[in-house]
Undergrad: 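Handing you this structure, nothing more for now.
So that the names make sense, note that chain A is the first sequence line, chain B the second, and so on, each numbered from 1.
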Amino acid sequence: MAKNIIPSVKGTREFYPEEMALRNFIYEKVRRASQQFGYQEWEAPYLETLELYAAKSGEELVKEQAFTFVDRGGSRVTLRPELTPSLARMIAKKQRQLTYPLRWWSFGPFWRYERPQKGRSREFFQWNIDMLGPDTPEADAELIAVAASFLKSVGLSPGQATIYVNNRRLMDSQFDAIGIPAESRLLVSNLVDRRNKMKEDAWQTYALEAGLNRSQLGGLIALLENKDLWKEWEDLRRLFTALDALGVSEYVEFDANVVRGLLYYTGTVFEAFDVSGSVRRSLLGGGRYNNLLADVGGDPLSAVGFAMGDVVVGIVLAENGLIPEFEPSPAPVLVTVFSEEFLAESLALSAELRKAGLNVTNYPEPAKIANQFKFANKMGMKIALILGAIEVESGQVAVKDLVSGEQVNVARADVPERIKQILASE
RNA sequence: GUGGCUGUAGCUCAGUUGGCAGAGCACCUGUCUGUGGAUCAGGACGUCGCGGGUUCGAGCCCCGUCAGCCACCCCA
C-alpha cells in the first residue's frame with residue numbers, strides 16, 4: 001500500500017491526533033503547575049545564531065550536537081538546542097525594564113543532532129521554568145515545589161518519581177576536605193555521574209585508574225553515601241525547611257550523587273528520576289546558575305530553574321498507566337444526514353446546536369445510516385441525531401444516546417437541553 | 001561519533017537445510033432502501049525496508065545503504 005512515501009527527517013516526530021492529545025495533556029499540566037506559582041509564559045526564537053551558543057566557552061558539545069545550517073544569505077543559523085542562552089539574551093536586553101523577582105516559563109520545540117533511540121529524538125518539546133533575581137534557598141525550594149506539583153498533577157506518586165537534591169558548593173567544600181584539587185573536579189564529577197551505571201568494584205577500579213588515590217577514593221565514597229551531609233550546609237537546611245513548609249518534602253531527597261554538568265550550576269542542583277521501573281530515568285533537572293547574565297554581557301543576576309523534556313515523561317506516564325483515555329472527536333454529537341433531501345435540514349440543526357454552545361459534527365454527505373453510526377462509534381461520539389421524514393414532519397429530532405443505546409424523539413427546540421442532560425449524566 | 005540487534009499485509013508477528021507468501025487483530029461486504037458496538041458468513045490485502053551480488057532458484061546466504069531499537073558517548 002504505502003509505496004514511495006517520502007520519509008520524514010530522521011529523529012523528527014509526527015503527532016497523530018492521539019499523540020497530539022498526549023502532548024497537549026503534558027502542556028496543560030505544565031501550564032497549570034507554572035501558573036499556580038505565578039510564572040509568566042514566554043517564548044524565544046526557534047532559530048538562533050550559532051554564536052549564541054558558542055559564546056558559552058567550553059561547550060563544544062553544542063557545536064557538535066546542534067542542528068546548524070547556512071541560510072540563503074550565508075549566515076550560520078542553528079535550531080535552538082536549549083533555551084537558557086536565549087533567556088539570558090532577552091533578559092539582558094531589557095534588564096532594567098523587567099520586574100523582579102522575574103518568573104518565566106516556556107514549553108516549546110528544541111532540536112539536537114543526536115543518535116535517536118527510545119526516549120531521545122532529534123526533535124523534542126521542553127518545559128523551561130526559571131526565577132531570576134533572588135539568590136536564596138527559598139527560591140530554589142520554590143522551583144523544586146513547582147516540579148513536585150507537576151509530578152503530582154500527572155499522577156506520579158513520590159514512590160514513582162523522586163527529586164534528588166544536592167549543592168555544588170557543599171560538594172566543593174567536601175572535595176577540598178578530602179584533598180581533591182580544583183583541577184580534578186571535572187574528572188570526579190564524571191566519576192560520580194557514572195557510579196550508578198557501573199558495578200561498585202568496577203567503578204572503584206575505574207576511579208583509581210582515572211587518577212584518584214586510595215585515600216581520595218575512600219573519602220569520596222564516604223561522602224557520596226552520607227545521607228545526612230545536607231545537615232552540614234546552611235543553604236540545604238534552609239532549603240529542606242522551605243520544602244517542608246511548601247508541602248512537597250515527600251517528593252524530595254538529598255543525594256550527593258547528583259552533580260549535573262559542572263560548568264553550569266553554582267549552588268543547588270536537582271534532578272527528578274522515574275523510580276517506578278527497573279531503569280532510573282531522568283525526568284527533569286535544574287539548579288541555580290548565578291553567572292549566566294554576566295557571561296553574556298549583562299549585569300550579574302541570580303537565577304534558578306529547570307528543564308523537562310516531553311519524551312521521557314510520555315514514556316513514564318504510559319508505563320504507569322497515567323495517560324488519559326483518548327477521545328478521538330472533540331465533538332460529542334453527530335448529526336446524521338438521512339438523505340440528499342434532508343441534508344440542508346441537518347446542516348441547519350448542527351448550526352443551531354453550535355449556537356447553543358455545543359461541539360457538533362455534521363456527517364458530510366448522505367450515506368447509509370448504519371455507516372454514519374459506525375463513524376460516530378469509532379470517533380467516540382456520545383450522541384447521534386437523526387433527522388428524517390418522520391422527524392421533520394413532526395418537528396422533532398431523534399436523539400440517540402450512543403452509550404446507553406436509548407433513543408427518544410424530542411421537539412426540535414428542546415434538543416440542546418436534552419443533549420446537555422445526556423452529556424452531564426455521563 | 002563507536003559497537004550490536006532488528007526490518008515480511010494497516011498493526012503485532014510466524015515463515016523449516018535456499019524450493020508456490022502465512023496467522024491473529026484491524027479493514028471491506030453481507031437476505032434492495034431508518035440505527036453503531038457483540039457473534040456468524042464471505043472478501044480484499046504484499047516492491048518480504050531499499051540497492052547490488054551468489055544460485056537453476058533468495059523472505060532466508062554475502063556486500064552496501066536507509067530506518068528503528070539496545071549499549072557506549074552525551075545530557076545544555
Side-chain angles (χ1 to χ4, degrees), chain A residues 1-13 16 48 52-66 78 80-88 110-122 124 126 128 130 189-190 193-194 197-198 258-265 269 271 273 279 281-287 289 292 295 305-309 311-312 315 334 336-342 363 366-392 398-407 409:
Chain A
M1 276 290 222
K3 304 168 191 174
N4 298 324
I5 293 176
I6 296 168
S8 51
V9 174
K10 178 173 179 165
T12 56
R13 316 215 351 252
Y16 287 81
E48 291 279 12
L52 179 69
Y53 306 100
K56 292 205 296 175
S57 58
E59 295 212 20
E60 293 159 22
L61 295 162
V62 166
K63 294 176 201 162
E64 284 169 28
Q65 294 200 319
T78 300
R80 61 182 192 181
E82 61 166 324
L83 192 61
T84 309
S86 305
L87 171 67
F110 295 85
W111 294 263
R112 290 179 193 172
Y113 197 85
E114 295 188 282
R115 185 122 173 198
Q117 53 183 273
K118 194 174 185 180
R120 192 168 70 182
S121 56
R122 289 184 172 180
F124 56 95
Q126 197 174 68
N128 283 266
D130 298 273
S189 189
N190 284 332
D193 261 348
R194 211 174 270 266
K197 297 178 184 170
M198 298 176 75
V258 173
V259 287
R260 299 193 55 81
L262 196 77
L263 10 90
Y264 205 85
Y265 296 103
V269 287
E271 187 161 15
F273 288 92
V279 278
R281 267 187 296 229
S282 179
L283 284 166
L284 58 88
Y289 53 102
L292 192 69
D295 286 352
F306 68 85
M308 179 188 84
V311 181
V312 173
I315 292 170
L334 177 73
T336 61
V337 175
F338 191 77
S339 65
E340 192 72 45
E341 185 189 352
F342 297 110
Y363 205 81
K368 286 184 181 174
I369 288 292
N371 285 341
Q372 300 189 44
F373 270 78
K374 256 181 213 174
F375 171 79
N377 199 50
K378 282 187 197 158
M379 293 301 286
M381 302 172 110
K382 305 283 191 270
I383 292 166
L385 304 183
I386 305 100
L387 205 48
I390 301 167
E391 290 79 12
V392 171
V399 178
K400 180 160 186 179
D401 180 335
L402 292 172
V403 180
S404 70
E406 287 168 32
Q407 180 173 327
N409 278 26

Undergrad: When the P atoms of B:rU12 and B:rG49 are compared, how many Å lie between them, rounded to an integer?
TA: 14 Å

Undergrad: Counting only distance, no hydrogens or angles, is the base of B:rC74 paired donor-acceptor with the side chain of A:R120 under 3.5 Å?
TA: yes

Undergrad: Name the stems with RNA chain B in them: runs of three or more consecutive Watson-Crick or G-U pairs, distances under 3.5 Å?
TA: B:1-7 with B:66-72, B:10-13 with B:22-25, B:27-30 with B:40-43, B:49-53 with B:61-65

Undergrad: Taking the P atom in each of B:rC56 and B:rG10, what is the distance between them to the nearest angstrom?
TA: 34 Å

Undergrad: If you round to the nearest 0.5 Å, how far is CG of A:L52 from OG1 of A:T84?
TA: 10.0 Å

Undergrad: If you measure from the P atom in B:rG36 to the same atom in B:rU29, how many Å do you get, rounded?
TA: 13 Å

Undergrad: Please give, in whole Å, the distance from B:rA67 C1' to A:R13 CZ?
TA: 17 Å

Undergrad: What is the distance, rounded to the nearest whole Å, between atom CG of A:L87 and atom C1' of B:rA76?
TA: 13 Å

Undergrad: Which of parallel (below 30°), tilted (30 to 60°) and perpendicular (above 60°) describes A:F124 and A:F110?
TA: parallel

Undergrad: Considering only atom P, compute the distance from B:rA76 to B:rC13 and round it to an integer number of Å.
TA: 34 Å

Undergrad: Using a heavy-atom cut-off of under 4.0 Å over every strand shown, decide if A:E114 touches base, sugar-phosphate, or nothing.
TA: base

Undergrad: How far, in whole Å, is B:rG34 from B:rA67 if one measures between their C1' atoms?
TA: 50 Å

Undergrad: Counting any heavy atom closer than 4.0 Å, what does A:G286 reach on the DNA or RNA strands: base, sugar-phosphate only, or nothing?
TA: nothing

Undergrad: Along nucleotides 33-43 of chain B, 5' to 3', which nucleotides get a B, which get an S, and which get a -, given that the test is a protein heavy-atom distance under 4.0 Å?
TA: -BBBB------

Undergrad: Search all heavy atoms of A:K400 against all heavy atoms of A:G405 and return the closest pair with its distance.
TA: CE-O, 3.6 Å

Undergrad: Rounded to whole Å, how long is the line connecting atom CZ of A:F306 with atom P of B:rA76?
TA: 14 Å

Undergrad: Whole-Å distance between B:rC66 P and A:R122 CZ?
TA: 11 Å

Undergrad: Take atom P in B:rA44 and the same atom in B:rA38, then report the distance between them in whole Å.
TA: 23 Å

Undergrad: Taking the side chain as everything from C-beta on, heavy atoms only, tell me whether A:S86 gets closer than 4.5 Å to A:E48.
TA: yes

Undergrad: Looking at A:R122 and A:E114, would you say the former's side chain and the latter's main chain have a donor-acceptor pair under 3.5 Å?
TA: yes

Undergrad: Determine the Euclidean distance between corresponding C1' atoms of B:rC73 and B:rG4; express it in Å to zero decimal places.
TA: 15 Å

Undergrad: Could you list the residues that satisfy side chain to side chain donor-acceptor pair (under 3.5 Å) with A:T78, not counting sequence neighbours?
TA: none

Undergrad: Out of B:rC72, B:rG68, B:rC75, which has the shortest distance to the side chain of A:Q117?
TA: B:rC72

Undergrad: Is the side chain of A:S282 donor-acceptor paired with the backbone N or O of A:F273 at a distance under 3.5 Å, no angle test?
TA: no

Undergrad: Which atom names give the shortest non-hydrogen contact between A:A376 and A:L402, and what distance separates them?
TA: CB-CD1, 3.7 Å

Undergrad: Taking A:P81's backbone N and O only, do any of them form a donor-acceptor pair with A:R112's side chain (distance below 3.5 Å, no angle check)?
TA: yes

Undergrad: If I pick the P atom on B:rC40 and the same atom on B:rG24, what distance separates them, to the nearest angstrom?
TA: 12 Å

Undergrad: Figure out the CG/P separation between A:L52 and B:rA76, and round it to whole Å.
TA: 17 Å

Undergrad: Working to the nearest 0.5 angstrom, can you tell me the gap between A:N371 CG and A:T336 OG1?
TA: 12.0 Å

Undergrad: What is the separation between atom CZ on A:R115 and atom C1' on B:rA67, rounded to the nearest whole Å?
TA: 11 Å

Undergrad: Between A:K10 and A:G119, who's closer to the 5' end of RNA chain B by nearest nucleotide?
TA: A:K10

